[in-house]
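Note on naming: letters A, B, ... go to the chains in the order of the sequence lines (proteins, then strands), and numbering restarts at 1 for each one.
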There are 2 protein chains.
Amino acid sequence: MKQVDDQLSHEIVEFYEKLSSWEASVVRGKGHSLAQIHTVEILGANGTMRMKELAEKLGITTGTLTVQINKMVNLGLVERMAHEQDKRSILVQLTTKGYEVYHEHDQLHHQLTHQITETFSDIERSQLLMFFQRINQGF
Amino acid sequence: MKQVDDQLSHEIVEFYEKLSSWEASVVRGKGHSLAQIHTVEILGANGTMRMKELAEKLGITTGTLTVQINKMVNLGLVERMAHEQDKRSILVQLTTKGYEVYHEHDQLHHQLTHQITETFSDIERSQLLMFFQRINQGF
DNA sequence: ATCTTTACTTTGACTATCAAACTAAATAAT
DNA sequence: ATTATTTAGTTTGATAGTCAAAGTAAAGAT
């Protein structure tokens, strides 16, 4: 099924491009940068995590992240916490204000999800959910 | 089915985060920037297009794109062409070298697609393809 | 004809990024 | 135990990416 694989790859890239573009346009001119929203998104969805983990999920180096987190601490969006088990590590977590920004942005995601699956039946939606769960596992 | 919708939204965001992170790590330290690869990806997948369209798909302003395209022209990745019907518009297209970079990167996408759908049967893969096609339509 | 909108460019201020050098803690090797 | 190596995070200097605003020129509307 080489044909299906090729098309699938193409559709996934297209989906990714469209999500990126949507995200950028939704974020622009709303006070926070794309990088900041991205950080809030990840912390909101996955909870407190170490700098290293966060940098990996963001796809940036830890050096870049240090600078980014400094700014976000000053903005009151996140805070640093000591890691009790490993004193080299530092935990980053959302503040109350950070959570507010997260939930606000997450609302938009829900709207988008609703929009793009408008033509899906309940059964199809469930199938789609299972597919995404399996894909995210395999990553 | 509020529950399914919530989970779906969450899984889509997770999928997006993982793709971003994968893309960044694959691109870093390979000579081209993420922004450049992103541009090559879009032009490779969709063909020649106007600055305006390209900026929208990239989720950046046309001002930013002008600077970006100037650099990429200097690098020999893309070229500008006159738009015959509308003299305000300018068409951007990949050069031969640009296509090489596109195909090289696209190979990696194929590998990733194969990896993340490893547990899928042929039938499921076809279903997934149809789902993505419908989603991309609805965007 | 003139006004308005649209497509693109330019510029200045700012933000994001990396790579490399550095500090400190954890782990491995001897 | 000591020493060497790896790991987590920070700092810094150079470069690249970004926006908003102002400018130019063409297209479309009145």
Side-chain donor-acceptor contact under 3.5 Å, [X] with [Y]:
X	Y	answer
A:His105	A:His109	yes
B:His38	B:Glu23	no
A:His110	B:Asp6	yes

If I take atom [atom1] in residue [X] and atom [atom2] in nucleotide [N], what distance separates them, rounded to the nearest angstrom?
X	N	atom1	atom2	value
B:Arg50	D:dA27	CZ	P	13 Å
B:Ile60	C:dT15	CD1	C1'	15 Å
A:Asn70	C:dT15	CG	P	14 Å
B:Ile37	C:dC18	CD1	P	15 Å
A:Gln36	D:dT18	CD	P	15 Å
A:Glu56	D:dA8	CD	C1'	11 Å
A:Leu65	D:dT10	CG	P	8 Å
A:Ile90	C:dA24	CD1	P	13 Å

Closest to side chain of [X], choosing from [options]:
X	options	value
A:Lys71	C:dT10, C:dA26, C:dA16	C:dA16
A:Val67	C:dT17, D:dC19, C:dA16	C:dT17
A:Arg28	C:dT17, D:dA20, C:dA26	D:dA20
B:Ser33	D:dC19, D:dG9, D:dA16	D:dA16
A:Ala35	C:dA16, D:dA8, C:dT9	C:dA16
A:Thr66	C:dT10, D:dT11, C:dC18	D:dT11
B:Arg88	C:dA24, D:dA26, C:dT9	D:dA26
A:Thr61	C:dT17, D:dG17, C:dC18	C:dC18

Tightest non-hydrogen contact, residues A:Gln36 and A:Met72, listed as O-CE, 3.7 Å

Would a hydrophobic clustering, with Ile, Leu, Val, Met, Phe, Trp and Tyr connected at side-chain separations under 4.5 Å, put B:Val67 with B:Ile69? no

Indicate if B:Val13 and A:Ile12 have the same hydrophobic cluster label, given that clusters are the connected sets of ILVMFWY residues with side-chain heavy-atom separations under 4.5 angstrom. no

Check this one for me: any side-chain N or O of [X] less than 4.0 Å away from OP1 or OP2 of [N]?
X	N	result
A:Thr64	C:dC18	yes
B:Gln68	D:dA16	no
A:Arg80	D:dT10	yes
A:Lys52	D:dA8	yes

Identify whether any heavy atom of B:Ser89 sits under 4.0 Å from a base atom; if not, whether one sits that close to sugar-phosphate; answer base, sugar-phosphate or nothing. sugar-phosphate

Assign each of A:Leu34 and B:Glu53 the nucleotide of DNA chain C bearing its closest heavy atom; nearer the 5' end lies the nucleotide of B:Glu53

